[in-house]
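Just below is one structure, and these are the notes that go with it.
Heads up: numbering here begins at 1 and tracks the sequence. Every heavy atom of this structure was used, including side-chain atoms; hydrogens, water molecules and symmetry mates were not.
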Amino acid sequence: MERSTFVKAVTDLVQEYIDNWDRFDSNPQIRVNPELLYVEAIDGSAMLEGIGDSDEAIENAAYAHGDETMSSTDFQNKENPDFYPIKELIKPVGHNVSVPDEDKIQKLADNYF
């Protein structure tokens with residue numbers, strides 16, 4: 001994935017939140033798979049479930065593989081998602097008007113490109 005495609009995907013998700021804020025809980029997040037650079041908008045509760053699932057997968061790999069744990073753990077860590085609060089990626093531009101904050105989204109993209 002190219003940087004511009006990633007930035008557009010994140011910008012679109014932030015705009016989706018702005019347009020449909022009532023469909024999310026109080027802690028909306030952008031979830032990024034750092035290996036695939038797949039992004040999606042999720043609720044905070046889904047973020048907590050994702051963190052728990054990632055921790056459980058690492059623990060299961062450690063028990064199942066013994067000495068092979070290092071490579072399994074490395075792979076799982078690459079697949080563990082990163083989370084970014086959507087509300088921090090919004091810029092108010094007027095009375096009750098907000099837009100995706102391009103500068104902050106570019107800084108988020110710096111983590112991957």
Side-chain angles (χ1 to χ4, degrees):
M1 174 182 291
E2 293 183 11
R3 181 186 177 99
S4 60
T5 305
F6 179 86
V7 168
K8 181 177 179 349
V10 173
T11 301
D12 289 349
L13 289 172
V14 173
Q15 186 62 53
E16 178 184 338
Y17 170 77
I18 291 169
D19 295 340
N20 301 291
W21 60 269
D22 56 335
R23 294 184 183 173
F24 293 85
D25 67 8
S26 63
N27 188 22
Q29 302 282 318
I30 297 288
R31 176 171 44 194
V32 180
N33 177 308
E35 186 72 14
L36 303 174
L37 296 179
Y38 175 76
V39 296
E40 65 182 321
I42 61 167
D43 288 331
S45 59
M47 175 191 69
L48 295 175
E49 289 174 18
I51 291 171
D53 290 345
S54 294
D55 289 346
E56 184 178 347
I58 289 173
E59 290 171 9
N60 288 343
Y63 291 124
H65 297 291
D67 291 337
E68 297 172 17
T69 300
M70 194 69 93
S71 62
S72 297
T73 301
D74 289 345
F75 174 77
Q76 183 60 41
N77 281 334
K78 289 179 187 176
E79 292 290 316
N80 284 347
D82 297 327
F83 298 96
Y84 301 92
I86 291 177
K87 292 179 180 179
E88 292 182 11
L89 302 174
I90 296 174
K91 177 171 65 173
V93 292
H95 183 66
N96 292 328
V97 178
S98 297
V99 297
D101 189 323
E102 291 297 326
D103 292 336
K104 289 183 180 177
I105 293 171
Q106 289 291 341
K107 287 181 183 176
L108 185 154
D110 289 344
N111 294 325
Y112 305 100
F113 297 93

| query | Sequence neighbours excluded, which residues qualify as salt bridge (Lys or Arg N to Asp or Glu O under 4.0 Å) partners of D12? | reply | K8

| request: Could you check V32 against F6 for side-chain contact (heavy atoms from CB on, under 4.5 Å), going step by step and ending with a plain yes or no? | output: CA-CA 10 Å; V32 180; F6 179 86; 4.0 Å; yes

| message | Run the salt bridge (Lys or Arg N to Asp or Glu O under 4.0 Å) test against D22 and tell me which residues pass, sequence neighbours left out. | response | none

| request: Give a yes or no answer on whether the side chain of T5 reaches the backbone of M1 with a donor-acceptor pair at less than 3.5 Å. | output: no

| What's the verdict on side chain to side chain donor-acceptor pair (under 3.5 Å) for D19 and Q15, showing C-alpha distance, side-chain angles and the deciding distance? | CA-CA 6 Å; D19 295 340; Q15 186 62 53; 2.9 Å; yes

| Does CZ in R3 sit with more than 12 non-hydrogen atoms of other residues, nucleotides or ligands closer than 6.0 Å? | yes

| message | Assess whether a salt bridge exists between R31 and D43, defined as any Lys/Arg side-chain N lying under 4.0 Å from an Asp/Glu carboxylate O. | response | no

| request: Under the side-chain contact (heavy atoms from CB on, under 4.5 Å) rule, what do Y84 and V39 come out as? Steps first, then yes or no, please. | output: CA-CA 10 Å; Y84 301 92; V39 296; over 6 Å; no

| From N20 atom CG to R23 atom CZ, the distance as rounded to the nearest 0.5 Å | 4.0 Å

| Stepwise side-chain contact (heavy atoms from CB on, under 4.5 Å) test for F24 and I42 | CA-CA 8 Å; F24 293 85; I42 61 167; over 6 Å; no

| said: Would the distance check show the side chain of N33 and the main-chain N or O of L36 forming a donor-acceptor pair, the cut-off being under 3.5 Å? | reply: yes

| query | Same cluster or not: are V14 and Y112 linked, directly or through other Ile, Leu, Val, Met, Phe, Trp or Tyr residues, by side-chain heavy atoms under 4.5 angstrom apart? | reply | yes

| message | With clusters defined by side-chain heavy atoms of hydrophobic residues (ILVMFWY) lying less than 4.5 Å apart, directly or transitively, does Y38 cluster with V10? | response | no

| request: Run the numbers on I30 and Y17 for side-chain contact (heavy atoms from CB on, under 4.5 Å), then give the verdict. | output: CA-CA 10 Å; I30 297 288; Y17 170 77; over 6 Å; no

| request: Any chance you could measure E40, atom CD, to E16, atom CD, to the nearest 0.5 Å? | output: 10.5 Å

For residues 85-102, run the donor-acceptor check on the side chains, cut-off 3.5 Å, and write out each pair with its distance to 0.1 Å, sequence neighbours left out.
unit_1 : atom_1 : unit_2 : atom_2 : d
K87    : NZ     : S26    : O      : 3.0
D101   : OD1    : D103   : N      : 3.1
D101   : OD1    : K104   : N      : 3.2

